[in-house]
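In listed order, ligands and their atoms are each counted from 1. Hydrogens, waters and symmetry mates are skipped; everything else that's a heavy atom, side chains included, is used. This structure is a prediction, so every number in the text was calculated from the model and none was measured.
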Amino acid sequence: MPVIGEVPFPMRALLAGARRKEFLLVDLTEELVRAESPSDNKAAVDACVALAAAHAKALGGRVKLHRQKNFGDLLEARLGPKSRTGAAGRTMLLGHLDTVWPLGTLKTMPCRVADGRLWGPGALDMKAGVAMALTAIEILIEAGALNREIVLLLNSDEEVGSPVSRPVTERLAAECVRVYVLEPAQGLAYKTARKGVGNWRIGVIGVAAHAGVDFEKGANAIRELARVIEKVSGWTDLKRGVTVNVGVAGGGSKSNVIPAAAWAEVDSRIVRKADGPRLERRFAALKPDDKSCKLAVSGGINRPPMERTRSTVRLYHEARALAADLGFVLHEASTGGASDGNFTSALGVPTLDGMGAVGEGAHAGHESVLLEHLAPRTALLAGLLAQCARTS
Ligand SMILES: [Zn+2]
């Protein structure tokens, strides 16, 4: 049971608060979903950010927009009393407002409530999570229990690898003692570990020649690429949690031409931080077997892994205990997918992820949020934020 001051704060009261607000929570999620916000459309993302900013302001949030040129602005909202003791007691709520869905998706995937679910592009990943965070804060305010500073950061570029928000995320996370990430749950579980991600592009330059007339003068870039693909694929080590996937490849022009160029794009995942530099070294050291070919390799680790650290497990156990007060069992899970939680965790800030909505079909046509879990999960989030008052 979280303690506010010295008075135990019953989770059931937070659950009742969340149930009272469920209707508004669904409304807010729908409002955010209807503001379509593909990562590559600044104006659209900005409009969605403006909705969330207005909501945070209405809750008394101290709102700051980190302006961006090529992406939507980043929304930083600070709520609760200003922390006077450095990071102590400050919690970061981390999420994103961009989606993978292009403008106009609502026509084929309308935002609607049906069959116990809220459907629509970005509903699960992760506009419901953003609405849950704002609602959890509202519940705390009404209960007079918002007595530590919360830093809510909503970015606009997560779905394309967080190129501009990463430094802001890292700077603000370093000012906090914990990070709660509002990405969707893994099934019903919170996420305590995520794989890290690396991306590489391998280009091969060969020598073009007529396949019939000048065969021996050519250097076949596709053949060389095939050898390289075999080599890098062999670096997969499932036991260590290392995977190397060549996902896209191309090259050549006509079947009677020895190809002068070929290329491949590689996605690699790692469980341990130490495997990042190892892989980077291996890619950098790639050499062509056919000395007439040249390799051009670019890329590297984009997101370090979120390792299952002791401090993250401690956050999970706190959550599990409060979930039990609410009458449900909260499991933990790991995933191969990465989020901005990877960045904060790699900084050493205890990070718990998957604290947003429960549902199915992120990045897929059946993307939907299960309504029955909204109120309990929002109450749990509120309880954890209240508990922070005691533990820090
Ligand atoms: Zn997401």
Pairing residues for Thr29 by the side chain to side chain contact (heavy atoms under 4.5 Å, CB included) criterion, not counting sequence neighbours: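 Side chain to side chain contact (heavy atoms under 4.5 Å, CB included) check on Thr29 returns Leu25, Val33, Leu118, Ala128, Ala131.
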Metal site the Zn ion (ligand 1), protein N/O/S atoms found under 2.8 Å: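 Count of protein N, O, S atoms less than 2.8 Å from the Zn ion (ligand 1): 4.
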Transitive ILVMFWY side-chain link Met355 to Leu146, under 4.5 Å: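 The answer is yes; both residues are in one hydrophobic cluster.
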Trp200 and Phe283 aromatic ring geometry - parallel, tilted or perpendicular at 30°/60° bounds: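 Rings of Phe283 and Trp200: parallel, under 30°.
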Close side-chain approach of Trp119 to Val369, heavy-atom, < 4.5 Å: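 In short, these two side chains do not touch, never coming nearer than 4.5 Å.
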Pairs satisfying side chain to side chain donor-acceptor pair (under 3.5 Å), at least one member in residues 45-60, at least two apart: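 Sorted result for residues 45-60: Lys42-Asp46.
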Where at least one partner belongs to residues 114-123, residue pairs that pass salt bridge (charged side-chain N to carboxylate O under 4.0 Å, His left out), sequence neighbours excluded: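 Applying salt bridge (charged side-chain N to carboxylate O under 4.0 Å, His left out) to every pair that reaches into residues 114-123, excluding sequence neighbours, yields Arg117-Glu360.
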